[in-house]
Amino acid sequence: MATDNFSIDDIFKRALNKTSIFKDRNVLRSDYIPDKLYFRDEQIRIVAETISPVLHGARPSNMFLYGKTGTGKTAVAKYVFSKLSQIALSKSIGVRFAYVNTRMAGTEYRVLYEIARDFNIPVPHTGLALSEIFDRIFKNLSRDRFSGLIILDEIDFLVKSHGDDLLYELTRANERLSGVFISLVGISNDLTFKEYLDPRVLSSLSEEELVFPPYTAEELKVILADRIRLGFQPNVFTEAALNLAAALAAAEHGDARRAVDLVRVAGEIAERKNLAFVDEEQVREALLKIDQDRLVDALRSLPLHSKLVVLSVAGLKDNVSTGAVYNNYSQLCKKLGIPELTTRRVSGLLNELSMLGIVSAETVSLGRQGRSKRPKLLIPLTTVKAVFSNDPVLFDLVKYVEDYVE
DNA sequence: CTTCCACAGGAACCAGCGGACC
DNA sequence: GGTCCGCTGGTTCCTGTGGAAG
């Protein structure tokens, strides 16, 4: 092989020398907590003041933080906790911190498991009774003279799916502890979930309440400018692109997390295209890409029967009843030679799909024609086909749907 | 005004699983 | 090895219901 003007070393050398438009990609991740939180001084102050009694061994009030997604609730809570834990550590004050996202955790057991783990209490990740984990947490706190501060993020999820039993136990934990205590910081982006709470739990949890307003476009601009300064090489991200990203995110209820995502993805698009700048065009592309990616992921990770329901809806005209969808669905099951689920279950799957925004499931009543949902595909048919064509089980059925829709 | 359709969706229950405890 | 635990993902049975047709 003639290698006069080609050497593998050159390739690597070029790759090494190639300067990225990114300076530090990590600061552009949406879970990154910056050193400085803009426009949240007031909230930080209130949270810190509420929690601070812990430093002289008194029980702080429970808190409840409320605000839309991406308004800094989690960031503020974690920020204050991390500062506090540094101080507590240096002064050897007996307090431990736990953070649990109850939606990620999923079940009551996992929530308790994560609390125990953050408190450095060894517990098995399954197999115990809930009351047993409670006992172990309380025993450890009492024995080691540690109090516990717990952040329960997305607490509305826990309550909606599992009720408030666990919260009830946690709020009255202090009756069982002596000398030490447990305090809670609940975080939610949905205020209506309070209706699900036992009044005793509600009054206990809401000893202190704090609302996080959405960021304005101007505020988002400052936040983004700061991240861009840290995350990108100088003069890469144009002013116009910054303005657009801030405006787009502000239009979506001032969600800072989404704004940062937008900036990062726009940068990745520019990098892939070997551009020296990130401009408005890449921000617009990023907006589309983020939506598209989320959709494809959601679709792909659906369980088999949910996918079949999606296909059934996709294969029908609009304005068709649940019954028709079910018929279509059981046809598909027959073609695959798998047993079909009951109507009750399919109705449930339809509701799940509607919560994911894949299918709308508005119920309408047509008098003597009965009462039913009008399932309708909310996403482009082409996306459904594209995703399912790559599915080892479903790719044959996609063709069938195409025929059906004529 | 009453009837009655075609479902919605709550409640109770079940099987199977992975795993801890003794 | 037997017993208990909680979770998932179902089933069965059931009552509830908006509004056009009669």
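Chain letters run A, B, ... following the sequence lines, proteins first and then strands; every chain starts at 1. Here the structure is a predicted model, which means the values were calculated and not measured.
- When the side-chain nitrogen and oxygen atoms of A:Thr322 are compared with OP1 and OP2 of B:dA8, one or more of them lie within a distance under 4.0 Å.
- Note: A:Phe232 and A:Phe22 meet the aromatic proximity criterion, with ring centroids under 6.0 Å apart.
- Between the OH atom of A:Tyr109 and the C1' atom of C:dC5 there is a distance of 9 Å, rounded to whole Å.
- Remark on DNA chain B: of its neighbouring residues A:Thr363 and A:Glu132, the 5'-side contact belongs to A:Thr363, judged by nearest-heavy-atom nucleotide.
- In this structure, CZ of A:Arg374 is placed 13 Å from C1' of B:dA8, rounded to the nearest angstrom.
- When rounded to the nearest whole Å, the span between CZ of A:Arg136 and C1' of C:dC5 equals 12 Å.
- In this structure, A:Tyr66 and A:Phe64 have parallel ring planes: the angle between them is below the 30° cut-off, well short of the 60° mark.
- For a distance-only test at 3.5 Å, the side chain of A:Arg368 fails to qualify as a donor-acceptor partner of the base of C:dG18.
- Residues A:Thr71 and A:Pro213 have side chains not in contact (no heavy-atom distance under 4.5 Å, counting atoms from C-beta outward).
- Backbone-only engagement by A:Thr107 is indicated by non-hydrogen atom pairs under 4.0 Å involving sugar-phosphate atoms exclusively.
- Under 4.0 angstrom from either OP1 or OP2 of C:dT11 there lies no side-chain N or O belonging to A:Arg345.
- A:Ser321 comes within 4.0 angstrom of sugar-phosphate atoms only, judged by non-hydrogen atoms across all strands, and of no base.
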